[in-house]
S.K.: 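Okay, here's the structure, questions in a sec.
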Amino acid sequence: MKNTIILLAAAALLASCAGNKTAIRREIDHYATVTVPAPDLSGITENGKEVLNLYRFAAYEADAIYWKQYFGDKTLMEGLEDPDAREYSMINYGPWDRFSGKAFVEGFGERPAGVNFYPADMTADEFGAASLKDKESPYTLITRDENGSLRTEWYHEAYADEITRIAAYLGAAAEITIKPSVRNYLLKKIEGLKTDNYYESDLAWLEMEDSKMDLVIGPNESGDDQLLGLKRSFGALVLLKDPVLTEKLGRYASLIPELQAELPCDEAYKAFKPGTASDVFVCDALCYAGSYNAGVKEIAINLPYDERVQAERGTRTILLGNVIDAKFNAIMGPVSELFLIEDAPNVTRNAFLVNLAFREMAHGLGVKETLNGKGTVEQALGSYALTLEEAKANAAGAYLAASTFKFPDLATYVGRENVIATFVTSLIRSQRFGEGEALGRGNMLILNWLMTKGGISRNGSGKYSINYDKTLDALGELSAAILKIQAEGDAEAAEKLEAEYAVKPASYSEDNRIMSLENIPIDVRFDFQR
């Protein structure tokens with residue numbers, strides 16, 4: 001009896017503590033802090049260690065640019081009196097919740113669809129009517145002149161101070177590195193940052209295959225531009241290559257031309273010929289900055305986006321191994337055990353890695369230019385391009401990875417059931433991303449599609465079951481539908497698909513409540529040890 005009373009008192013105390021938390025503190029707690037151990041630098045020379053430090057300094061400058069692009073003056077958030085609001089603003093890079101787009105700081109309205117890439121009062125129609133050179137470049141800001149007319153400003157002009165400092169750090173690294181390929185990349189990257197022409201540095205980056213270290217830096221991701229889907233955000237990753245896993249997974253990059261041929265769509269919609277020199281690296285992250293660090297943390301990337309480079313050389317997929325492990329252990333494993341009836345044992349880290357690799361490779365598949373003269377897919381689909389690209393990469397990547405009978409070498413590493421069960425688990429947990437960003441909308445689109453097609457179902461107790469055959473077929477059908485929309489630049493069809501499927505599923509509220517009660521984080525934030 002005494003023990004019972006003690007337990008009840010402890011439970012009441014915990015409930016009281018939880019009840020005393022502010023709404024913002026509860027949101028902060030959805031991001032689990034993960035301590036990332038100091039990397040093993042035993043094989044890195046003293047010069048190499050200094051290069052890593054210079055990479056970090058450059059990354060911090062990219063972070064400063066991103067604050068300007070997404071919000072504006074960072075000191076306004078650093079000066080908030082409410083410590084919870086101040087801390088949450090550092091996670092979100094501003095006063096707006098990443099998932100809802102709503103402001104959590106008094107005095108701010110909803111997040112502008114175009115954040116700071118465009119004037120807050122500019123409409124898509126005004127942009128379309130404006131006769132401005134380079135207005136659709138990923139690397140120009142749209143501002144107003146003294147008369148209120150729209151004008152363009154190149155990134156290298158708008159962020160000249162930060163880019164000058166980045167160039168100085170990269171130049172210093174180029175002077176002391178012992179790797180000619182690294183020196184070439186850094187010098188080409190400096191030129192790219194100063195001119196907003198990244199073609200040569202993209203090629204140099206792909207040719208830099210012999211370095212244990214890597215720096216991804218610059219304006220790469222366009223997910224923050226939810227007005228037109230054109231402008232790219234600055235970010236940076238400092239990376240250390242895992243040679244063992246890179247050798248194991250790197251061989252899948254040779255499949256890219258075959259993957260393009262195996263896309264489940266009309267032959268005309270896969271006419272683009274990706275380069276044959278693509279590769280897959282597995283790296284440990286040492287530093288996140290800018291767009292890669294905002295809200296939900298990136299765990300895999302596929303670059304470059306330049307279709308000329310993709311055709312001539314290919315792409316590089318980078319899997320962030322230590323961060324993947326952190327997310328799998330903190331989120332994926334617990335979600336599978338909580339929601340899958342019989343399929344939880346099929347959810348594995350290997351399948352998580354493979355799904356991410358194939359998702360990133362799938363970003364380079366399909367078409368880049370519409371087939372009917374409407375320009376690039378981004379130009380033709382506008383703000384719908386982001387959601388559909390996320391959905392395409394996830395759906396087509398999972399479909400191709402699960403088709404292990406077509407790739408016997410892959411089947412020795414993971415099975416079809418591993419791929420599908422792990423993919424479904426990721427969809428279930430990503431409901432919590434909401435509709436505020438393209439990633440969340442894309443995943444909701446797939447989840448709703450699979451439930452409509454009978455691939456997955458949810459019973460009265462809140463558990464899910466998977467029909468593997470129907471899920472694979474449905475992923476193929478969805479991939480084909482999106483690839484057709486992209487190839488034809490059909491904005492009307494894109495709008496219809498997003499409106500019908502990229503919405504909160506019926507399971508949204510209940511699943512979120514269960515995950516919150518079980519203290520499963522939405523995502524992680526990092527404490528990088530050095």
Side-chain angles (χ1 to χ4, degrees), residues 259-270 272 302 351 354-367 370 377 380-381 383-404 406 416-417 419-431 433 435 437-458 464-508:
L259 294 175
Q260 178 80 338
E262 292 290 342
L263 286 173
C265 64
D266 188 283
E267 289 297 320
Y269 304 144
K270 47 186 175 181
F272 174 73
N302 178 266
V354 167
N355 279 346
L356 291 169
F358 273 68
R359 181 191 77 183
E360 295 304 320
M361 288 190 289
H363 275 302
L365 303 179
V367 299
T370 58
V377 173
L381 300 186
S383 61
Y384 303 111
L386 297 172
T387 301
L388 263 65
E389 178 58 27
E390 293 291 351
K392 179 212 79 177
N394 272 307
Y399 173 84
L400 292 167
S403 302
T404 52
K406 296 178 181 176
R416 184 185 75 152
E417 286 74 18
V419 168
I420 292 175
T422 305
F423 181 70
V424 169
T425 299
S426 187
L427 291 178
I428 293 169
R429 71 106 176 179
S430 68
Q431 292 179 75
F433 298 167
E435 300 163 290
E437 293 190 325
L439 176 62
R441 293 193 298 275
N443 283 334
M444 285 182 172
L445 192 160
I446 301 171
L447 182 62
N448 285 317
W449 181 279
L450 293 182
M451 296 185 78
T452 300
K453 302 296 182 179
I456 58 178
S457 57
R458 187 172 183 267
Y464 288 84
S465 59
I466 303 170
N467 183 310
Y468 289 96
D469 290 336
K470 288 185 177 180
T471 294
L472 189 59
D473 289 344
L475 288 173
E477 292 170 7
L478 178 58
S479 300
I482 295 175
L483 288 162
K484 182 176 187 290
I485 290 171
Q486 290 180 324
E488 296 181 354
D490 191 343
E492 185 177 341
E495 180 181 14
K496 181 178 179 182
L497 185 65
E498 181 168 333
E500 185 173 356
Y501 289 99
V503 294
K504 294 176 182 178
S507 56
Y508 177 85

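Please read these numbers as outputs of a predicted model, since none were measured by experiment.
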S.K.: Hey, are the side chains of Leu381 and Gln486 touching, using non-hydrogen atoms and a 4.5 Å cut-off?
M.R.: yes
S.K.: Taking only residues at least two apart or on different chains, which pairs with a member in residues 437-448 satisfy side-chain hydrogen bond (donor to acceptor under 3.5 Å, both in side chains)?
M.R.: Arg98-Glu437, Gln226-Arg441, Thr387-Arg441, Asn394-Asn443, Ser430-Asn443, Arg441-Glu498
S.K.: Do the side chains of Glu488 and Val367 get nearer than 4.5 Å, heavy atoms only?
M.R.: no
S.K.: If we only count heavy atoms from C-beta on, is the Ser507 to Gln431 side-chain gap below 4.5 Å?
M.R.: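 Yes. Closest side-chain heavy atoms under 4.5 Å.
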S.K.: Please tabulate, for the side chains in residues 357-364, all donor-acceptor contacts under 3.5 angstrom to protein atoms that are two or more places apart in sequence or on a different chain.
M.R.:
unit_1 : atom_1 : unit_2 : atom_2 : d
Glu360 : OE1    : Asn302 : N      : 3.1
His363 : ND1    : Glu389 : OE2    : 2.7

S.K.: Please enumerate all residues that pass side-chain contact (heavy atoms from CB on, under 4.5 Å) together with Ser426, with sequence neighbours excluded.
M.R.: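 Applying side-chain contact (heavy atoms from CB on, under 4.5 Å) to Ser426 gives Met332, Arg429.
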S.K.: Applying ring-ring contact (aromatic ring centres under 6.0 Å, His included), can you list everything that pairs with Phe433, at least two apart in sequence or on another chain?
M.R.: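 Per chain and number, Phe433 pairs via ring-ring contact (aromatic ring centres under 6.0 Å, His included) with Phe99.
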S.K.: Got Leu447 and Tyr508 here, is their nearest side-chain heavy-atom distance under 4.5 Å?
M.R.: no
S.K.: Can you name the residues that form a ring-ring contact (aromatic ring centres under 6.0 Å, His included) with Tyr269, not counting sequence neighbours?
M.R.: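 Result, ring-ring contact (aromatic ring centres under 6.0 Å, His included) vs Tyr269: none returned.
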S.K.: Report yes if the side chains of Leu478 and Leu445 come closer than 4.5 Å at any heavy-atom pair, otherwise no.
M.R.: yes
S.K.: I'd like to check Leu475 versus Ile446 (side-chain heavy atoms, cut-off strictly below 4.5 Å). Are they in contact?
M.R.: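 Heavy-atom side-chain distance check passes, below 4.5 Å.
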S.K.: With sequence neighbours left out, what residues match Glu477 under side-chain hydrogen bond (donor to acceptor under 3.5 Å, both in side chains)?
M.R.: none
S.K.: State, yes or no, whether a side-chain contact exists between Thr452 and Tyr501 at a heavy-atom distance under 4.5 Å.
M.R.: yes
